[in-house]
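Below is one structure, written out as structure tokens; the observations come after it.
Order of appearance sets the numbers: ligands from 1, and atoms from 1 within every ligand.
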Amino acid sequence: MKISVIGCGYLGAVHAASMAKLGHEVIGIDTDTARVAALNNGQAPFFEPGLPELLHEGLSSKKLSFSSTISDVQTAEVHFVCVGTPQKPGEYAADVQYVDAAFTALFPYMQAGSVAVGKSTVPVGTASRIAQLMVTQAPNSHLIWNPEFLREGHAVSDTLTPDRLVYGLSDELSAVPAAAKLDEVYAAALSAGTPRLQVNYATAELVKSAANSFLATKISFINAMAEVCEASGADVTALADAIGMDDRIGRKFLNAGIGFGGGCLPKDIRAFMARAGELGADQALTFLREVDAINMRRRSKVVERTRELCGGSLIGKRITVLGATFKPNSDDVRDSPALSIAAQLQLQGATVTVTDPQGLANARVRFPELKYEQDAMMACRNADAVLLLTEWPEFIALDPLAIGEIVASKTILDGRNALEPKKWTQHNWDYYALGRS
Ligand code: UGA
């Protein structure tokens with residue numbers, strides 16, 4: 001099947017390369033010419049495990065190519081729109097201008113019978129609006145809303161073997177052949193038994209907003225429990241293990257710490273609240289305000305805790321922050337709790353050195369005022385306190401004995417409850433965690 005993928009960011013680049021891996025002939029489109037050139041040279045524009053291999057395979061087999069010229073999509077039968085929907089500056093709402101621009105650019109090049117597939121996370125109602133535009137601008141073609149659930153760091157396997165496929169369809173007759181075309185694209189996953197749900201546009205859009213809101217709520221729930229544990233002398237990790245054994249609750253996404261960040265959960269819960277407000281259903285989602293507030297409180301909590309550990313003042317203290325990215329196995333620093341904490345510590349007078357296996361280039365652009373050091377051991381030299389804020393395996397494997405010899409004070413704060421406390425205390429470190437006495 002000939003496929004186009006419009007937007008080659010964290011979602012689109014992986015989607016394009018994965019579709020080529022499945023045997024389709026794929027053209028990826030992006031307005032960023034430097035990104036297109038890099039992709040055509042087999043260079044992934046961001047760190048995602050497995051993506052360079054897929055790019056290489058797709059480019060060498062000639063099944064995959066990239067372009068900045070939208071008219072190059074015209075022979076494709078299925079067009080995936082994968083552009084971003086960032087938070088609008090100064091507002092909660094999502095900015096859908098890139099989605100609108102992508103569809104508007106695509107319409108003149110859609111053949112009769114071809115299918116546009118929206119994958120971007122959008123406010124409910126967007127798909128119906130776009131379908132309306134298609135009636136005149138791309139007649140005889142069809143729109144399916146097919147939300148994406150991939151996680152950064154696992155994006156390749158999540159795309160090749162998704163846990164479910166959601167098709168948001170119109171109630172027109174043309175929806176049947178359009179869905180059949182998308183079935184052909186996803187033939188491998190469908191034949192492996194992946195469940196496929198056919199719903200209307202609004203439901204498909206809401207599935208994505210609801211899923212991310214649920215995940216955010218789960219994290220903030222356990223972080224709220226961490227606050228109560230701190231106040232009462234309980235241990236949030238043991239609590240999560242115990243409640244997680246109930247199948248109805250489950251242990252996943254119950255890791256307490258500095259909270260969620262990234263380009264999705266924070267902006268998606270805010271966009272969801274904003275959209276519910278427009279629909280007159282704002283009361284239904286007021287709890288998400290609390291979810292957001294609990295999450296942001298974790299960051300200030302760590303700053304306060306670090307101040308206490310430094311004897312009441314951060315001025316002149318040397319703090320080492322292990323981790324810049326919003327989670328391990330990614331180079332994404334968008335709304336990273338780790339970087340946000342590092343910046344707040346620096347603002348309050350500390351000298352902060354940040355280390356990260358993949359995120360330093362992006363972090364430097366975002367917070368040029370912080371010090372960066374690629375080597376974790378070097379970063380810890382003379383530190384008055386070490387903060388683990390992103391649980392990269394290489395940080396968890398650090399040797400407390402060796403680092404103990406180069407720091408100024410053997411004080412570590414585990415912001416992700418990821419370290420083995422005994423491993424550190426047996427080498428005379430003062431180990432502190434969140435939500436654990
Ligand atoms: C999230 C969703 O998990 C994906 O299903 C969705 O497709 C994606 O957003 C999206 O909308 O595109 P992602 O942003 O890659 O994926 O990251 P997550 O794995 O969800 O982690 C989000 C944040 O929560 C990270 O900062 C992570 O450190 C934090 N987290 C996660 C916790 O603090 N505790 C946990 O127990 C789990």
Side-chain angles (χ1 to χ4, degrees), residues 7 9-15 46-49 82-87 94 118-122 146-159 162-166 205-226 236-237 239-241 243-244 249-272 291-292 294-299 301-302 323-341 356 359 388-392 395 414-418 434-435:
Y10 284 97
L11 165 59
V14 174
H15 193 70
F46 47 83
F47 175 75
E48 181 61 49
C82 296
V83 295
T85 49
Q87 188 174 341
K119 292 197 82 65
S120 308
T121 302
V122 290
N146 171 225
E148 179 56 56
F149 306 106
L150 66 78
R151 299 157 297 167
E152 286 177 29
H154 303 269
V156 170
S157 57
D158 285 351
T159 306
D163 51 12
R164 78 280 209 196
L165 291 163
V166 175
E205 293 164 319
L206 282 179
V207 166
K208 178 61 192 262
S209 306
N212 277 3
S213 298
F214 192 85
L215 295 171
T217 303
K218 210 170 170 189
I219 299 168
S220 278
F221 174 83
I222 201 65
N223 281 330
M225 293 304 110
V236 74
T237 304
L239 176 98
D241 290 344
I243 64 172
I249 297 173
R251 180 63 177 81
K252 288 181 186 163
F253 268 66
L254 280 185
N255 294 323
I258 60 171
F260 59 82
C264 302
L265 299 192
K267 66 109 177 148
D268 285 352
I269 60 169
R270 292 174 196 151
F272 198 19
V291 166
D292 204 1
I294 293 166
N295 193 50
M296 297 314 279
R297 212 153 60 219
R298 300 312 287 166
R299 302 179 186 188
K301 174 89 193 171
V302 172
T325 53
F326 83 106
K327 68 173 187 181
N329 287 316
S330 169
D331 65 354
D332 194 348
V333 300
R334 287 176 294 171
D335 202 356
S336 163
L339 262 192
S340 150
I341 290 166
D356 190 282
L388 175 91
L389 300 186
T390 312
E391 68 279 32
W392 284 92
F395 294 155
D414 180 0
R416 293 289 188 175
N417 288 319
L434 299 177

Under-4.0 Å heavy-atom contact with ligand 1, by part of Leu215 that carries it: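 Looking at Leu215 and ligand 1, just side chain atoms fall under 4.0 Å.
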
Ile222 and ligand 1 - part of the residue with a heavy-atom distance under 4.0 Å: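 Ile222 to ligand 1: no contact under 4.0 Å from either part.
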
Can you tell me if [X] contacts ligand 1 (heavy atom of the residue under 4.0 Å from the ligand)?
X: Gly262; value: no
X: Lys208; value: yes
X: Gly259; value: yes

Protein contact of [atom] - nearest heavy atom, named by residue and atom, plus distance:
atom: atom 24 (O) of ligand 1; answer: Phe260 CB, 3.2 Å
atom: atom 28 (O) of ligand 1; answer: Arg416 NH1, 3.0 Å
atom: atom 1 (C) of ligand 1; answer: Leu265 CD2, 4.0 Å
atom: atom 20 (O) of ligand 1; answer: Phe253 CZ, 3.3 Å
atom: atom 6 (C) of ligand 1; answer: Leu150 O, 3.3 Å
atom: atom 34 (N) of ligand 1; answer: Asn255 O, 3.0 Å
atom: atom 26 (O) of ligand 1; answer: Phe326 O, 2.8 Å
atom: atom 15 (O) of ligand 1; answer: Glu152 N, 2.8 Å

Under a 4.0 angstrom heavy-atom cut-off, which atoms of ligand 1 come close to [X]?
X: Glu148; value: 7 (O)
X: Leu254; value: 36 (O)
X: Asp268; value: 11 (O)

Residue pair Leu265, Asn212: steps toward the side chain to side chain contact (heavy atoms under 4.5 Å, CB included) verdict: CA-CA 6 Å; Leu265 299 192; Asn212 277 3; 3.5 Å; yes

Within the structure, does [X] bring an N/O atom to less than 3.5 angstrom of an N/O atom in ligand 1?
X: Arg151; answer: no
X: Asn212; answer: yes
X: Phe149; answer: yes
X: Ile219; answer: no
X: Gly261; answer: yes

Measure from the side-chain N and O atoms of [X] to the backbone N and O of [Y], and report whether any donor-acceptor pair falls under 3.5 Å.
X: Asp414; Y: Asn417; answer: yes
X: Thr390; Y: Thr325; answer: yes
X: Lys208; Y: Phe149; answer: no

Proximity winner for atom 12 (O) of ligand 1, if only heavy atoms of Ser209, Ala256, Cys264 are counted: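 Nearest option to atom 12 (O) of ligand 1, by heavy atoms: Cys264.
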
Of the listed options Arg334, Lys267, Lys327, closest to atom 13 (P) of ligand 1 (non-hydrogen atoms): Lys327

Within 6.0 Å of NZ in Lys327, more than 12 heavy atoms from elsewhere: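 Check passes, neighbour count above 12.
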
Phe221, CZ atom: more than 12 neighbouring heavy atoms under 6.0 Å: no

